[in-house]
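Below is one structure, written out as structure tokens; comments come after it.
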Amino acid sequence: MIELEGVPELVDPVMVCSFEGWNDAGDAASAAVEHLDREWKGETFAALDAEDYYDFQVNRPTVFLDNGVRKITWPTTRLSVIRIGGAKPRDLVLVRGIEPSMRWRSFCNEILGFAHELGVEMVVILGALLGDTPHTRPVPVSGVTSDPELAQTMDLEETRYEGPTGIVGILQEACTHAGVPAVSLWAAVPHYVSQPPNPKATLALLNRLEDLIGLRIPLGELAEDARAWQVGVDQLAAEDSEVAEYVQSLEEARDTAELPEASGEAIAREFERYLRRRDQPGPGPGGHATDLGTTDGREPGAYLRDSSSGRTRPSKPAAKDEPARSEEPAQPDEATPGTTDEAAPGAASETTAPDRHTTDEHTTGSASADRPAPEKSTVDKPSAEKPAPEKPAPDEPESDD
């Protein structure tokens with residue numbers, strides 16, 4: 001049993017996770033959790049033992065000087081807590097780290113042990129994959145779950161993926177077996193501009209997360225960074241006729257596929273979100289945010305605690321004063337505000353081939369722990385020799401053609 005000291009009882013907590021590596025194209029997912037931690041001033045309360053899960057030849061420790069004293073930072077996964085006040089308070093538990101090199105089942109058990117002790121009501125795992133999507137269009141974000149009931153309740157896709165998977169898929173499946181509601185949100189990153197950072201994809205993930213958990217997330221300068229990113233990629237694409245032609249073909253395919261939906265329900269959802277953000281006050285002093293709704297309130301569970309009659313859901317720790325539960329969750333939608341045609345890209349200047357990890361059934365961006373993120377976006381020029389990206393990773397939705 002995990003003993004937590006100095007962590008107060010949380011109010012309707014949701015755990016939000018991201019992991020650098022195979023499931024983090026353009027560093028979009030890890031940047032989203034980092035943004036939450038920075039904007040809401042998260043307080044780290046635990047870190048997993050790096051010795052148990054990481055190969056230090058793959059993810060090397062880093063050395064730095066602190067007031068002349070030499071110190072080492074080890075690659076690991078850290079947990080922090082965010083207290084969000086308001087009329088209907090809700091707290092977040094952030095899990096940010098690197099995809100482990102080994103012992104994935106023990107890793108998931110440990111994460112879910114924290115979730116159980118903190119009374120987490122839902123786990124949301126963020127991911128990003130490479131896809132045939134143009135940088136000039138809103139970033140597609142898909143929400144998937146292994147829970148048929150949750151898929152119906154929250155308007156999510158029920159995953160039917162078969163193939164190799166990353167830690168995102170393993171953790172989601174662990175949550176399902178433990179009886180903990182879990183959702184994965186996947187952003188599709190253009191494969192021809194895959195190097196990090198990708199603030200447009202990060203912004204799209206945060207917008208979808210906002211709809212899912214019912215909290216208004218302060219975006220800070222992220223929207224402006226996304227616009228700058230798109231301008232930079234536009235300029236690079238304009239300098240090469242072959243790239244410009246390829247982007248145009250992706251735009252035509254995307255517009256054709258979305259034409260029926262664009263005239264109906266998607267526009268209505270986007271307008272509803274606009275009205276909601278306009279009418280709701282922004283985050284208050286101290287990083288507080290406005291609550292727009294919560295999850296279905298099912299009890300959390302611990303991994304590998306199924307019973308013959310079904311999943312077990314251990315009760316939350318007793319509280320002196322039980323906080324009032326929030327209402328039904330705001331329905332997530334497919335639109336991603338802040339990612340319109342004119343919203344996006346940051347600096348982009350040179351034309352180099354981006355690093356990419358691919359498998360037979362999965363193509364995603366990768367960021368190793370000891371490799372600093374490039375400062376500039378680059379465009380990978382399409383050619384006949386370069387195969388188009390294949391299907392997305394396990395438990396990941398397929399990106400738009």
Side-chain angles (χ1 to χ4, degrees), residues 21-31 127-142 186-205 225-258 336 339-368 371 373-393 396-401:
W22 203 54
N23 299 140
D24 191 22
D27 290 356
S30 55
L129 52 89
L130 298 181
D132 291 328
T133 181
H135 72 277
T136 54
R137 296 294 184 264
V139 175
V141 177
S142 300
W186 290 93
V189 172
H191 68 85
Y192 57 89
V193 57
S194 59
Q195 282 190 305
N198 190 320
K200 185 173 183 178
T202 297
L203 180 63
L205 282 171
D225 291 342
R227 292 187 187 94
W229 179 88
Q230 182 165 321
V231 169
V233 179
D234 285 342
Q235 291 172 348
L236 286 178
E239 293 171 1
D240 190 306
S241 59
E242 190 175 346
V243 172
E245 235 176 82
Y246 179 67
V247 172
Q248 184 178 1
S249 69
L250 291 178
E251 291 173 340
E252 291 171 354
R254 172 81 176 270
D255 294 343
T256 300
E258 293 187 348
T336 54
T339 57
T340 56
D341 291 0
E342 64 269 15
S349 95
E350 299 171 4
T351 307
T352 59
D355 295 333
R356 188 180 305 165
H357 289 274
T358 52
T359 66
D360 291 340
E361 291 293 330
H362 181 83
T363 306
T364 63
S366 174
S368 65
R371 174 175 59 82
E375 297 180 356
K376 300 180 178 180
S377 300
T378 59
V379 173
D380 189 5
K381 182 176 178 180
S383 68
E385 297 178 358
K386 185 184 73 173
E390 301 178 1
K391 292 181 181 179
E396 292 103 70
E398 296 186 5
S399 54
D400 296 343
D401 291 332

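The residues of the chain are indexed from 1 along the displayed sequence.
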Study note, to complete from the structure: Output for pair (Leu129 CG, His191 NE2), nearest 0.5 Å, gives 12.0 Å
**Study point:** Residue pair Pro190 / Leu130: nearest heavy atoms and the distance that separates them
**Key:** O-CD2, 4.3 Å
**Study point:** Nearest atoms (heavy-atom pairs only) where Val193 meets Val233
**Key:** CG2-CG2, 3.9 Å
Study note, to complete from the structure: To the nearest 0.5 Å, atom OG1 of Thr136 lies from atom CD of Gln248 at 10.0 Å
Study note, to complete from the structure: Closest non-hydrogen contact found for Ala187 with Ala201 is CB-O, 4.2 Å
Check your understanding: Any side-chain heavy atom of Thr133 within less than 4.5 Å of one from Val139?
Key -> no
Check your understanding: Does the side chain of Arg137 reach to within under 4.5 Å of the side chain of Asp255, using non-hydrogen atoms?
Key -> yes
Check your understanding: Any idea which heavy atoms bring Val189 and Ala128 closest together, and the distance?
Key -> CG2-CB, 4.2 Å
Point to revise | Check: Asp132 and Arg254 side chains under 4.5 Å, non-hydrogen atoms | key: no
Review point. Any sub-3.5 Å donor-acceptor pair from Tyr192's side-chain atoms to Val247's backbone N or O?
Key: no
Practice item. Kindly give the heavy-atom pair with the smallest separation between Asp24 and Ala29, and that separation in Å. Key: OD1-N, 2.8 Å
Revision key, fill the gap. Here the gap from His135 atom NE2 to Asp234 atom CG, rounded to the nearest 0.5 Å, amounts to 4.0 Å
